[in-house]
Amino acid sequence: MDTIIILDFGSQYTQLIARKIRELNIYCEIHPFNKVPALTADVKGVVFSGSPYSCNAADAPVPDMSNIKGKLPLLAVCYGAQYLAKWGGGSVQQSQTREYGRANLQFIDNSNPLMKGIPQGSQVWMSHGDTIERLPEGYKVICSTDSVKNAGYQIEGEQTYAIQFHPEVHHSVDGLAMLRNFVVDVCHCDQSWTPASFVESTVAELKAKLGNDKVVMGLSGGVDSTVAAVLLHRAIGQNLHCIFVDNGLLRKNEFENVLESYKGMGLNVKGVNAKDRFYSLLAGVTEPERKRKIIGKTFVDVFDEESKLITDAKWLGQGTIYPDVIESSSVKGPSQTIKSHHNVGGLPDYMKLKLVEPLRSLFKDEVRRVGRQLGIKEELIGRHPFPGPGLAIRILGDITPEKVEILQNVDDIFIQGLRDHDLYDKVWQAGAILLPIQSVGVMGDERTYERVVALRAVESVDGMTADWCHLPYEFLAKVSNDIINRVKGVNRVCYDISSKPPATIEWE
């Protein structure tokens, strides 16, 4: 499979480069700049991302280019362009005026492969404090703006291209065309990475990997675990054994509803009630990361016990997806670890199961497309994402059954309200958060001092970035009124209008 490797220098836009290249039906992977993978024959080109660092800083990220520059097509974006210019002997200095925002390409060398078909005046998005003042010898300018002469260049005699703007963002109007020029015309990638091809190749790989082994799979009712289970079922049939654990942190009536929705899919689903076990281990725990660790370990423990009841089970299937992997990794340079994911990082030594993760390379929207290719019913494919730790990370502070019940009731009113007002499918993810504070209120003629909840609804494509949904005021007013009137113990409702970044979708 033709592959593009993206080396991450820490830019908030790195994942967008991957998304844009995958829109072109070309497979790509993101790797930390200091962990360059083996550049096999399948790798047709490399992209250097931007970075929050200056290439003049003492601790600036320095990649190993020995097997890349001059040997494979290379596209360097923003920091990557500045680093290559400095590396070659050019001059990169702090700009007198920060070059941030929209700009227009006034000079374009349309004879250059990267700039083929890009119109005069094309709008691009700048986001850098440094600028390339002087290019090294043998570096040829291929585009300029009014204020940035060296907006793009090619190293003569090499398929090495560099641009100081970000082609991956929406504001770079012809950015996708530039990326296409690079990955298709320069790298000669075959545009054959589609949902159908993914299903075909993944099922074949699973058959070869698993043979006649049995797999125990944890289901949650969400898109990821469902699609992963169906892929495994396609590969190994009745050797797949699925377990759906009620950890006491699911949505209202979700345990029963999900088990019902899986009927007829041939997934050998067993429901396990482990509420009390999770509540006991979480008692008094308030730190978010510790909650995640406890829940992750307890899930593993439950699966370990249940898998031992399945004769000769050798594998644990998981619905890990690409954002889980990216957000759980941390090296100098690329994005700091935001949070740990309970299904990332391997299994403890005492668990005698090997791990199989069919979706580890996919973004969320790609998982949905694969699910539709597999013919999974829309009620499962269209479900909003729900965090693995469940309501535990939407209850700020310690976890008690009483708090869980309050939040389940609030969440149920909110989510059902979205469905009733035809808003559910216009929202990427929604939920409620129980805050660790109380506020003064008035009900009837009495003063109250009760709990505060926040509602969260976001628009996104893959969860890597998200914007808050501008839900109608009338809808928010009705939901707020319904929650306060129907959920005992809540007297105030807030609406979260933070985007990701700088916030995250979940509060913990």
Side-chain angles (χ1 to χ4, degrees), residues 6-14 16-17 20 33 45-57 60-63 65 69 73-110 112-116 118-156 158-179 181-182 186 333:
I6 301 169
L7 294 188
D8 180 17
F9 292 85
S11 170
Q12 63 177 316
Y13 300 132
T14 301
L16 290 180
I17 301 174
K20 291 295 185 182
F33 75 90
V46 177
V47 177
F48 285 179
S49 82
S51 175
Y53 287 87
S54 165
C55 66
N56 294 317
V62 176
M65 299 192 295
K69 185 179 174 297
L74 171 62
L75 174 62
V77 175
C78 198
Y79 173 90
Q82 293 161 1
Y83 174 81
L84 278 179
K86 182 180 179 183
W87 178 88
S91 173
V92 178
Q93 301 295 332
Q94 186 171 6
S95 177
Q96 295 299 314
T97 58
R98 179 167 164 75
E99 292 164 352
Y100 181 85
R102 295 175 178 83
N104 297 92
L105 298 179
Q106 302 303 332
F107 163 72
I108 299 172
D109 179 2
N110 287 125
N112 186 272
L114 189 69
M115 294 290 118
K116 185 184 73 173
I118 306 302
Q120 186 80 14
S122 179
Q123 177 181 286
V124 296
W125 183 261
M126 298 282 186
S127 180
H128 54 93
D130 288 348
T131 195
I132 302 169
E133 290 194 345
R134 177 177 54 81
L135 286 174
E137 187 175 345
Y139 285 45
K140 177 187 176 184
V141 175
I142 59 175
C143 61
S144 307
T145 70
D146 281 341
S147 58
V148 183
K149 177 185 177 183
N150 302 310
Y153 62 83
Q154 180 182 0
I155 299 179
E156 294 178 345
E158 297 181 14
Q159 289 182 309
T160 300
Y161 306 84
I163 48 181
Q164 286 201 80
F165 51 87
H166 289 272
E168 68 273 22
V169 303
H170 174 73
H171 301 300
S172 290
V173 176
D174 299 296
L176 185 61
M178 292 180 206
L179 290 173
N181 287 343
F182 178 70
V186 175

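Index from 1, following the sequence. Predicted, not measured: the structure shown is a model, and the values here were computed from it.
The distance from atom CD of Q94 to atom CD of E133, rounded to the nearest 0.5 Å, is 10.5 Å. Interatomic distance, L105 CG to D174 CG, rounded to the nearest 0.5 Å: 8.5 Å. For the atom pair CD (Q106) and SG (C143), the distance works out to 11.5 Å, reported to the nearest 0.5 Å. Of the inter-residue distances, the one linking Q82 atom CD with D130 atom CG reads 5.0 Å to the nearest 0.5 angstrom. In this structure, OH in Y53 is found 7.5 Å from CZ in F33, a value given to the nearest 0.5 Å. Here the CG-CE distance, from L7 to M65, works out to 10.5 Å after rounding to the nearest 0.5 Å.
Residues K149 and L135 are not in side-chain contact: their nearest non-hydrogen atoms beyond the backbone lie 4.5 Å or more apart. Contact of the L84 side chain with the K69 side chain is registered, since non-hydrogen atoms from C-beta on lie closer than 4.5 Å. Side chains of I163 and V124 form no contact here, defined as non-hydrogen atoms less than 4.5 Å apart. Side-chain contact between F9 and F48 is present, with heavy atoms from C-beta onward closer than 4.5 Å. In this structure the side chain of D8 reaches within 4.5 angstrom of the side chain of S49, judged on heavy atoms. Counting only heavy atoms from C-beta outward, the side chains of P73 and F182 approach each other to under 4.5 Å. For the pair L16 and H166, the minimum side-chain heavy-atom distance is 4.5 Å or more. Inter-residue side-chain proximity for Y13 and C78 is flagged as unmet; no heavy-atom pair is nearer than 4.5 Å.
Residues in residues 75-84 take part in no salt bridge (Lys or Arg N to Asp or Glu O under 4.0 Å) pair, two or more places apart or across chains.
The shortest heavy-atom contact between Q154 and Q159 is NE2-CA, 4.4 Å. When every heavy atom of I6 is checked against every heavy atom of T14, the shortest pair comes out as CG2-CG2, 3.9 Å. Summarising the geometry of Q120 relative to F107, their closest heavy-atom pair is NE2-N, 4.1 Å, with the distance given to 0.1 Å. Heavy atoms only, all atoms of each residue included: A81 and I132 are closest at O-CD1, 3.8 Å. Of all heavy-atom pairs between M178 and L114, the closest is O-CD1, 3.6 Å. Scanning all heavy atoms of the two residues, the minimum distance from N181 to K116 falls at ND2-O, 2.9 Å.
The side chain to side chain contact (heavy atoms under 4.5 Å, CB included) with P61 is formed by just one residue from the set C55, S51, P52; it is S51.
In this structure a side-chain-to-backbone donor-acceptor pair under 3.5 Å is present from N104 to G121.
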Problem set entry | V77/E168 under side chain to side chain contact (heavy atoms under 4.5 Å, CB included): CA gap, chis, key distance, verdict | CA-CA 10 Å; V77 175; E168 68 273 22; 4.2 Å; yes
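For N110, there are no side chain to side chain donor-acceptor pair (under 3.5 Å) partners two or more places apart in sequence or in a different chain. In terms of the ring pair (Phe, Tyr, Trp, His ring centres under 6.0 Å) criterion, Y161 has no residue partners (sequence neighbours excluded).
For E156, the CD atom is densely surrounded, since the number of other residues' heavy atoms within 6.0 Å is greater than 12.
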